[in-house]
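The block underneath contains the structure these notes are about, expressed in structure tokens.
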Amino acid sequence: MSDQFKALVLNQEGENFTRQIKSIDKNFLKHGDVTIKVDYSDLNFKDGMILKNGGRLVKEFPHIPGIDFSGSVLESENSKFKSGDEVILTGFRVGEIFYGGYSQIAKVNGDFLVKKPKDLTSKQAMILGTAGFTSLMAAFSIKENEKVFPNEKIKNVLVTGATGGVGSIATVILNKMGYNVTAVSGKESKTDFLKSLGAKSVINRSDFDKDPKLIDKGLWDGVVDTVGGKILANAIVQTNSNGVIAVCGNASTNELNTNVIPFMLRGIKLYGMDSANCNINRREIIWGEAAKLVDFSLLEKSIKIVSLEELIETYPKILKGEISGRVLVDLNK
Ligand code: NDP
């Protein structure tokens with residue numbers, strides 16, 4: 001590759017935000033101590049918000065977005081990495097306050113990087129990305145109960161926002177763990193897709209979009225929620241004794257109006273998922289489990305691979321909840 005390379009540059013001009021594919025050189029990259037040739041990045045909900053208007057997360061413009069990437073090290077001033085190492089980057093505010101993965105070459109703090117496990121390809125790492133990493137975190141939180149109390153088997157798990165990145169990968173992982181997954185989705189046309197990922201049944205989102213009772217029939221031993229609001233509030237009052245609700249996202253709203261009764265009568269647990277600041281030790285363990293728990297042949301059928309140019313046309317769809325599965329950004333396309 002010549003000294004020049006392609007990157008998606010987000011800029012602010014007054015009230016307007018522009019997105020351009022520019023040819024830049026390494027001097028443009030101002031953060032970090034490890035330089036990486038990027039193979040793949042991806043499109044997460046947060047990327048959509050950043051590409052739209054910085055999402056109130058980007059502090060300085062011009063900016064290179066992209067919260068995730070996979071690739072190989074070109075140059076390193078960090079003792080933990082050397083040229084040729086294959087690496088994964090998710091979160092740590094890369095793509096927000098630091099330049100991100102929508103660039104053929106990226107430079108980041110080596111303390112943010114995970115060495116790619118041998119049993120994952122660079123492409124598979126980004127099929128997962130932040131969405132898949134969060135799904136793994138959520139699935140492990142739900143499974144935790146079984147480890148401490150082996151007689152308390154988890155059977156039924158609910159996944160909301162199921163056609164989205166986090167939801168679709170959580171469906172695959174929880175099915176692989178042996179649980180009956182019920183998917184909640186607003187897209188009736190995607191029922192067969194969700195069943196092909198491993199959902200045993202699919203419920204229309206409208207059934208959950210109502211004011212919850214104080215407590216309802218206990219149906220779920222675990223919940224992966226990606227949307228918040230009334231859907232999460234209904235999931236809480238339907239969670240069985242000692243069940244775990246992994247709160248991942250706010251695709252619908254930041255709001256949550258609930259009550260204390262299900263917590264007092266059923267001992268349920270609301271666990272927050274924070275993928276962006278998760279420490280490196282946990283990251284290495286979680287990434288190390290990914291290949292065992294994710295059937296990539298299921299996910300690959302629904303993947304859309306885009307170039308940086310095509311990403312500019314695609315990103316508004318994730319903000320409207322119109323994407324099913326994952327969008328991969330191929331930096332060589
Ligand atoms: P996606 O856009 O891929 O998926 C979100 C899904 O939620 C949609 O596909 C849709 O699924 C559903 N949805 C969208 N809008 C609404 C709405 N208004 N009401 C109800 N459901 C809706 O996003 P991701 O999977 O990448 O992320 C999901 C959420 O998780 C986001 O809020 C994101 O910010 C958050 N997140 C948090 C992380 C963390 O570390 N805590 C990490 C990663 C993501 P369907 O049509 O099937 O209902």
Side-chain angles (χ1 to χ4, degrees), residues 41-52 55-57 66-68 90-96 126-141 158-173 181-195 197 199 202-210 223-235 245-256 270-279 282-283 286 299 302-304 314-328:
S41 183
D42 60 4
L43 176 65
N44 297 281
F45 196 84
K46 195 190 257 183
D47 291 308
M49 296 194 300
I50 291 170
L51 283 163
K52 184 180 174 199
R56 287 196 253 161
L57 297 164
I67 67 167
D68 298 338
T90 61
F92 279 127
R93 306 211 64 193
V94 170
E96 300 175 35
M126 283 302 106
I127 289 175
L128 298 179
T130 283
F133 184 78
T134 307
S135 309
L136 285 161
M137 288 178 96
F140 291 144
S141 303
L158 187 75
V159 175
T160 69
T163 66
V166 177
S168 60
I169 303 173
T171 299
V172 169
I173 294 167
V181 178
T182 297
V184 179
S185 174
K187 301 184 189 87
E188 252 175 65
S189 62
K190 293 291 172 183
T191 299
D192 288 345
F193 164 66
L194 289 167
K195 289 196 170 167
L197 296 181
V202 180
I203 300 179
N204 194 291
R205 185 199 290 168
S206 57
D207 292 359
F208 276 72
D209 208 0
K210 59 184 181 193
V223 176
V224 176
D225 178 64
T226 68
V227 299
K230 285 186 183 172
I231 295 173
L232 173 56
N234 276 291
I245 300 136
V247 179
C248 300
N250 55 354
S252 147
T253 171
N254 290 329
E255 303 288 319
L256 172 61
L270 207 53
Y271 283 179
M273 300 296 119
D274 174 10
S275 63
N277 301 301
C278 177
N279 67 47
R282 283 184 178 220
R283 284 174 191 256
I286 291 169
L299 295 174
S302 62
I303 277 164
K304 186 175 160 106
T314 308
Y315 87 85
K317 290 189 184 157
I318 203 161
L319 297 173
K320 294 187 210 148
E322 287 176 6
I323 286 178
S324 299
R326 293 276 290 154
V327 175
L328 228 63

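The structure presented is a predicted model; accordingly, all values stated were derived computationally and were not measured. We're numbering straight along the sequence, starting at 1. Atoms within a ligand are numbered from 1 in the order they appear, just like the ligands themselves.
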>> Looking only at protein heavy atoms, which one is nearest to atom 25 (O) of ligand 1, and what is the separation?
In response: Val166 N, 2.8 Å
>> With a 4.0 Å cut-off on heavy atoms, is Lys46 in contact with ligand 1?
In response: no
> Considering only heavy atoms, does Thr134 approach ligand 1 within less than 4.0 Å through its side chain, its backbone, both, or neither?
Replying inline: side chain
>> Counting non-hydrogen protein atoms only, what is the nearest one to atom 37 (C) of ligand 1? Give residue, atom name and distance.
In response: Cys248 O, 2.9 Å
>> With a 4.5 Å cut-off on side-chain heavy atoms, are Thr160 and Leu232 touching?
In response: no
>> Using a plain distance cutoff, I'd like to know if Asn44 has any nitrogen or oxygen under 3.5 Å from a nitrogen or oxygen of ligand 1.
In response: no
>> For atom 18 (N) of ligand 1, what is the closest protein heavy atom, and at what distance to 0.1 Å?
In response: Ser252 CA, 3.7 Å
>> Rounded at 0.5 Å granularity, tell me how far CZ in Arg326 sits from CE in Met126.
In response: 8.0 Å
>> Quick one, Leu57 and Lys46 - any side-chain contact, counting heavy atoms below 4.5 Å?
In response: yes
> Which of the atoms in ligand 1, numbered in the order shown and given with their element, are less than 4.0 Å from a heavy-atom of Gly161?
Replying inline: 6 (C), 7 (O), 11 (O), 12 (C), 47 (O), 48 (O)
> Going through the checks in order, is the side chain to side chain contact (heavy atoms under 4.5 Å, CB included) test met by Asp42 and Asp47?
Replying inline: CA-CA 8 Å; Asp42 60 4; Asp47 291 308; 3.9 Å; yes
>> Rounded to the nearest 0.5 Å, what separates atom CE in Met137 from atom CZ in Arg283?
In response: 8.0 Å
> Considering only protein heavy atoms, which is closest to atom 22 (C) of ligand 1, and at what distance to one decimal place?
Replying inline: Arg205 NH2, 3.3 Å
> Nearest protein heavy-atom contact for atom 2 (O) of ligand 1: which residue, which atom, what distance?
Replying inline: Ile318 CG1, 3.2 Å
> Rounded to the nearest 0.5 Å, how far does CD1 of Ile203 lie from CD1 of Ile231?
Replying inline: 11.0 Å
> Does an N or O from Met273, backbone or side chain, lie closer than 3.5 Å to an N or O of ligand 1?
Replying inline: yes
> Rounded to the nearest 0.5 Å, how far apart are CG of Leu319 and OH of Tyr315?
Replying inline: 7.5 Å
>> Return the CG to OG1 distance between Leu128 and Thr134, rounded to the nearest 0.5 Å.
In response: 10.5 Å
> Considering only heavy atoms of Ser185, which atoms of ligand 1 have at least one such atom less than 4.0 Å away?
Replying inline: 45 (P), 46 (O), 47 (O), 48 (O)
>> Would you compute the distance between atom CG of Asn234 and atom CG of Asp207 and round it to the nearest 0.5 angstrom?
In response: 9.5 Å
>> How far is atom 46 (O) of ligand 1 from the closest protein heavy atom, and which atom is that?
In response: Lys187 NZ, 2.9 Å
> Are side-chain heavy atoms of Lys190 and Val202 found at a separation under 4.5 Å?
Replying inline: no
>> Suppose we measure from atom 26 (O) of ligand 1 to each protein heavy atom; which comes out shortest, and what is that distance?
In response: Phe45 N, 3.4 Å
>> Geometry only, no angles: is Gly186 polar-contacting ligand 1 at N/O separations under 3.5 Å?
In response: yes
>> Within ligand 1, which atoms have a heavy atom of Thr130 less than 4.0 Å away?
In response: 42 (C), 43 (C)
> Just checking, any donor-acceptor pair under 3.5 angstrom between side chains of Lys187 and Thr163?
Replying inline: yes
>> Between Val181 and Leu197, is there a side-chain heavy-atom distance shorter than 4.5 Å?
In response: no
>> I want to confirm something. Looking only at heavy atoms, which of Gly229, Gly249, Ala251 is nearest to atom 5 (C) of ligand 1?
In response: Ala251
> With a 4.0 Å heavy-atom cut-off (strictly under), which part of Ile323 contacts ligand 1: side chain, backbone, both or neither?
Replying inline: backbone
> Can a cation-pi geometry be assigned to Arg282 and Phe140, taking NZ or CZ under 6.0 Å from the six-membered ring centre and within 45° of the ring axis?
Replying inline: no
> Where does Ser275 meet ligand 1, judged by heavy-atom distances below 4.0 Å: at the side chain, the backbone, both, or neither?
Replying inline: both
>> Students should be able to answer this: which protein heavy-atom is nearest to atom 3 (O) of ligand 1, and at what distance?
In response: Gly165 N, 2.9 Å
> Which of the atoms of ligand 1 are close to Ala162, meaning less than 4.0 Å from one of its heavy atoms?
Replying inline: 47 (O)
> Thr163 heavy atoms, cut-off 4.0 Å: which ligand 1 atoms fall inside?
Replying inline: 9 (O), 11 (O), 45 (P), 46 (O), 47 (O)
> Taking distance alone, with no angle check, do Asp274 and ligand 1 share an N/O pair under 3.5 Å?
Replying inline: no
